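Small disclaimer: the values here were computed from a predicted structure and weren't measured. Within every chain, numbering begins at 1; the chains are lettered A, B, ... in the order of the sequence lines, protein sequences first and strands thereafter.
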Amino acid sequence: DAGVTQSPTHLIKTRGQQVTLRCSPKSGHDTVSWYQQALGQGPQFIFQYYEEEERQRGNFPDRFSGHQFPNYSSELNVNALLLGDSALYLCASSRTGNERTDTQYFGPGTRLTVL
Amino acid sequence: GNSVTQMEGPVTLSEEAFLTINCTYTATGYPSLFWYVQYPGEGLQLLLKATKADDKGSNKGFEATYRKETTSFHLEKGSVQVSDSAVYFCALSSGGYQKVTFGIGTKLQVIP
């Protein structure tokens, strides 16, 4: 059973460019969340997708947007990249149901470097 | 809002030493509590969890007990190994939708 997968592994962009990161959830999971982890920090919640809709959002600007497809996979888009967007971007999948017992499972992340 | 406070590292221990990493939290309602581990160059792995007061989560020799009265979820291991060297994150989920709030992480280095 494949876990959460993310692509690409690494990415280098320049300021002002746009980037798209991809995530496939664990089998049986229908909910995808995205997190940003800056160097030396804990992950920060960006947003969560369920039934192809953004269900919850953290404190991130509109430059960060996403999408969920009918097969539950998801994309994270970041426009007008800033140096401060350099981070490890983590995708997590889970099942919507019993939130008290279900758990988010994380992918290996995409390392984004903005020059 | 929700928050997690954990001891700052790095923590350096000799192999077979006893480990404690402190974690306290602030949350609305009744959160679920987690410890995640991040090995160098990798993503996060769930280490253990507890979903209600007095529950004890355990895995790979690590344990943590959900203490509602002290709002704590300290991580312990009786005898650490070099392979336990990693960054450990305390985290909580509360208020529905499984959004997870993380602490800053504690780096553990175990030396032979």
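When all heavy atoms are compared, the tightest approach of T103(A) to Y36(B) is CG2-OH, 3.8 Å.
Few gaps surround CD on Q17(A); more than 12 heavy atoms of other groups in view lie less than 6.0 Å from it. Heavy atoms from other residues, nucleotides or ligands lying under 6.0 Å from CZ of R57(A) number more than 12. In N59(A), the CG atom is not crowded: 12 or fewer heavy atoms of neighbouring residues, nucleotides or ligands sit closer than 6.0 Å. Other residues, nucleotides and ligands place more than 12 heavy atoms under 6.0 Å from the CG atom of L115(A).
Two different hydrophobic clusters hold F64(A) and V100(B) under the rule that ILVMFWY side chains link at heavy-atom gaps under 4.5 Å. No continuous path of ILVMFWY side-chain contacts below 4.5 Å connects W34(A) to L46(B), so the two sit in separate hydrophobic clusters. Taking hydrophobic clusters as Ile, Leu, Val, Met, Phe, Trp and Tyr residues chained together by side-chain heavy-atom distances below 4.5 Å, F62(B) shares a cluster with Y39(B). Clustering ILVMFWY residues whenever any of their side-chain heavy atoms sit less than 4.5 angstrom apart, transitively, puts L47(B) in the very cluster that holds Y66(B). Under a hydrophobic-cluster definition in which Ile, Leu, Val, Met, Phe, Trp and Tyr are linked whenever side-chain heavy atoms come within less than 4.5 Å, directly or via other members, V32(A) and F47(A) are assigned to the same cluster.
For residues 82-90 of chain B, a heavy-atom distance under 4.5 Å to chain A picks out F89(B), given by residue number. For residues 102-109 of chain B, the interface with chain A (any heavy-atom pair closer than 4.5 Å) comprises F102(B), G103(B), I104(B), sorted by residue number. Taking non-hydrogen atoms and a 4.5 Å limit, the residue list of residues 73-93 of chain A in contact with chain B, ordered by number, reads L88(A), L90(A). Proximity to chain A among residues 3-14 of chain B is not found for any residue, judged by heavy-atom separations below 4.5 angstrom.
To the nearest 0.5 Å, the span separating CG on L44(B) from OH on Y105(A) amounts to 13.5 Å. In this structure, N2(B) CG and F45(A) CZ are separated by 12.0 Å, a value rounded to the nearest 0.5 Å.
Neither the backbone nor the side chain of Y50(A) has a heavy atom closer than 4.5 Å to any heavy atom of chain B. If you measure heavy-atom distances from Q38(B) to chain A, the contacts under 4.5 Å come from the side chain alone. Proximity to chain B is limited to the side chain of Q37(A), based on heavy atoms less than 4.5 angstrom apart.
Interface check for chain B: of the options P108(A), G42(A), G109(A), P43(A), the most heavy-atom pairs under 4.5 Å are formed by P43(A).
Of the N and O atoms on the side chains of K99(B) and S33(A), not one donor lies less than 3.5 Å from an acceptor on the other residue.
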